[in-house]
Amino acid sequence: MLGRRGFLMGAGALAGAVLAAAAPAALAAEGAPTSLSSDDALAQLKAGNARYVSHPDICALDIAQQRESVAAHQAPWATIIACADSRVPPELIFGGHGVGELFVARNAGNLVDTATLGTVEYGAAVLGSPLIVVLAHTACGAVKAACDVVAKNATYPGAIGTMIEPILPAALAARGADDYVNATAKLSAQRTAARLPASSTLISGLVNDGKLKIVAAIYDLKSGVVTYL
């Protein structure tokens with residue numbers, strides 16, 4: 001993870017330069033990107049989540065057909081930065097979207113390190129995904145750990161303490177909130193979404209050109225509802 005320095009600006013700029021040079025060739029090799037706009041993609045996610053909440057029994061996929069149709073080419077229409085929590089599978093909570101539709105990066109706390117930044121840059125600049133969603137969730141263990149560092153001076157072994165450092169500013173800002181952990185989760189997702197363009201010239205260029213939208217959201221473990229922030 002990126003620790004106290006948050007996003008690695010230099011690394012992001014270097015990755016941006018490399019991908020910018022490679023993007024035309026990569027796109028030609030991969031095939032055409034999705035025809036959906038960022039607003040269309042967001043509408044698809046919202047409709048899928050509503051379907052997941054109201055009629056989870058109809059979320060059925062023809063995996064064999066999908067697998068065959070995307071074997072030679074992928075054109076995902078949304079990139080999701082999600083938590084690694086086993087209860088938060090993006091392909092299911094957004095309505096049973098299957099093979100070839102969502103470009104997903106997952107880690108504890110839905111954070112953006114160098115690998116995740118490169119992943120979302122690839123999704124947007126090379127694959128043509130028009131939407132990035134930073135997806136937090138309620139009762140997040142990584143967020144709770146960051147809150148405990150702030151409120152209880154807790155410490156954690158191994159790389160866990162370093163991993164959650166990017167959440168600490170949100171935990172400090174949300175301290176005193178009635179629902180401290182979930183308030184921190186929301187704020188952390190919003191901060192991450194807001195900082196993505198500043199961390200990547202590739203992403204900022206696509207945003208400025210109206211080709212990419214970035215939103216933050218939170219998934220409720222109990223209700224299944226995704227709320228956009």
Side-chain angles (χ1 to χ4, degrees), residues 1-23 26 33-34 36-42 44-46 76-84 88 90 94 102-137 140 142-143 146 162-171 173-174 184-219 226-229:
M1 309 305 292
L2 298 187
R4 295 179 180 86
R5 300 191 63 182
F7 291 96
L8 294 179
M9 300 292 290
L14 177 60
V18 172
L19 274 176
T34 179
L36 294 181
S37 69
S38 55
D39 288 337
D40 292 335
L42 186 57
Q44 289 265 38
L45 292 183
K46 290 181 177 180
W77 46 264
T79 298
I80 314 295
I81 302 171
C83 185
V88 190
F94 286 116
L102 303 183
F103 198 62
V104 179
R106 298 180 68 177
N107 58 64
N110 42 274
L111 301 170
V112 175
D113 59 6
T114 302
T116 303
L117 181 59
T119 297
V120 297
E121 284 181 329
Y122 188 85
V126 178
L127 300 181
S129 171
L131 177 69
I132 296 173
V133 179
V134 182
L135 182 65
H137 69 92
C140 178
V143 173
T162 303
M163 177 189 71
I164 63 174
E165 283 183 357
I167 308 174
L168 295 181
T184 299
K186 293 177 183 178
L187 184 55
S188 181
Q190 290 173 304
R191 286 171 52 87
T192 298
R195 286 157 56 198
L196 274 171
S199 303
S200 167
T201 55
L202 268 180
I203 291 175
S204 63
L206 291 168
V207 170
N208 292 338
D209 289 342
K211 297 178 180 178
L212 178 66
K213 176 176 288 188
I214 304 170
V215 299
I218 187 165
Y219 171 69
V226 174
T227 301
Y228 293 86
L229 306 174

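As the structure is a prediction and not an experimental result, all values here were calculated from the model. Residue indices begin at 1 and follow the sequence shown.
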Is the side chain of S188 donor-acceptor paired with the backbone N or O of T184 at a distance under 3.5 Å, no angle test? no
side-chain contact (heavy atoms from CB on, under 4.5 Å) evaluation trace for L45 with W77: CA-CA 10 Å; L45 292 183; W77 46 264; 3.6 Å; yes
Hey, what do you get for OG (S37) to CG (L42), rounding to the nearest 0.5 Å? 9.5 Å
Run the side-chain contact (heavy atoms from CB on, under 4.5 Å) test on L196 and L117 for me, step by step, so that the C-alpha distance in whole Å, both residues' side-chain angles and the decisive distance to 0.1 Å come before the verdict. CA-CA 8 Å; L196 274 171; L117 181 59; 3.9 Å; yes
Give, for atom CG of L202 and atom OH of Y122, the distance between the pair rounded to the nearest 0.5 Å. 12.5 Å
The single option from L127, I214, V120 passing side chain to side chain contact (heavy atoms under 4.5 Å, CB included) against T79: V120
Who are the side chain to side chain contact (heavy atoms under 4.5 Å, CB included) partners of A105, not counting sequence neighbours? T116, T119
Smallest separation among heavy atoms of C140 and H137, with atom names: CA-CE1, 3.4 Å
Would you name the heavy atoms of P90 and A82 that are closest together and state the gap between them? CG-CB, 3.7 Å
Gap separating the CG atom of L131 from the CD1 atom of I80, nearest 0.5 angstrom: 6.5 Å
By side chain to side chain contact (heavy atoms under 4.5 Å, CB included), A136 pairs with (sequence neighbours left out) N110, A185, A189, I218
Looking only at non-hydrogen atoms, find the nearest pair between V133 and A217 and report the distance. CG1-CB, 4.1 Å
So, taking the atom named CG in L135 and the one named CD1 in I81, what distance separates them when rounded to the nearest 0.5 Å? 10.0 Å
If the test is side chain to side chain contact (heavy atoms under 4.5 Å, CB included), which one of E121, K213, K211 qualifies with L206? K211
Can you name the nearest heavy-atom pair linking G109 to I167, along with the distance? CA-CD1, 4.4 Å
Minimal heavy-atom distance between P130 and S38, with the atoms involved, is O-CB, 3.1 Å
By salt bridge (Lys or Arg N to Asp or Glu O under 4.0 Å), K186 pairs with (sequence neighbours left out) none
Return the minimal non-hydrogen interatomic distance between P76 and L102, and the atom names on each side. CB-C, 4.1 Å
Can a donor-acceptor pair be found, under 3.5 Å and without considering hydrogens, that links the side chain of R191 to the backbone of P166? no
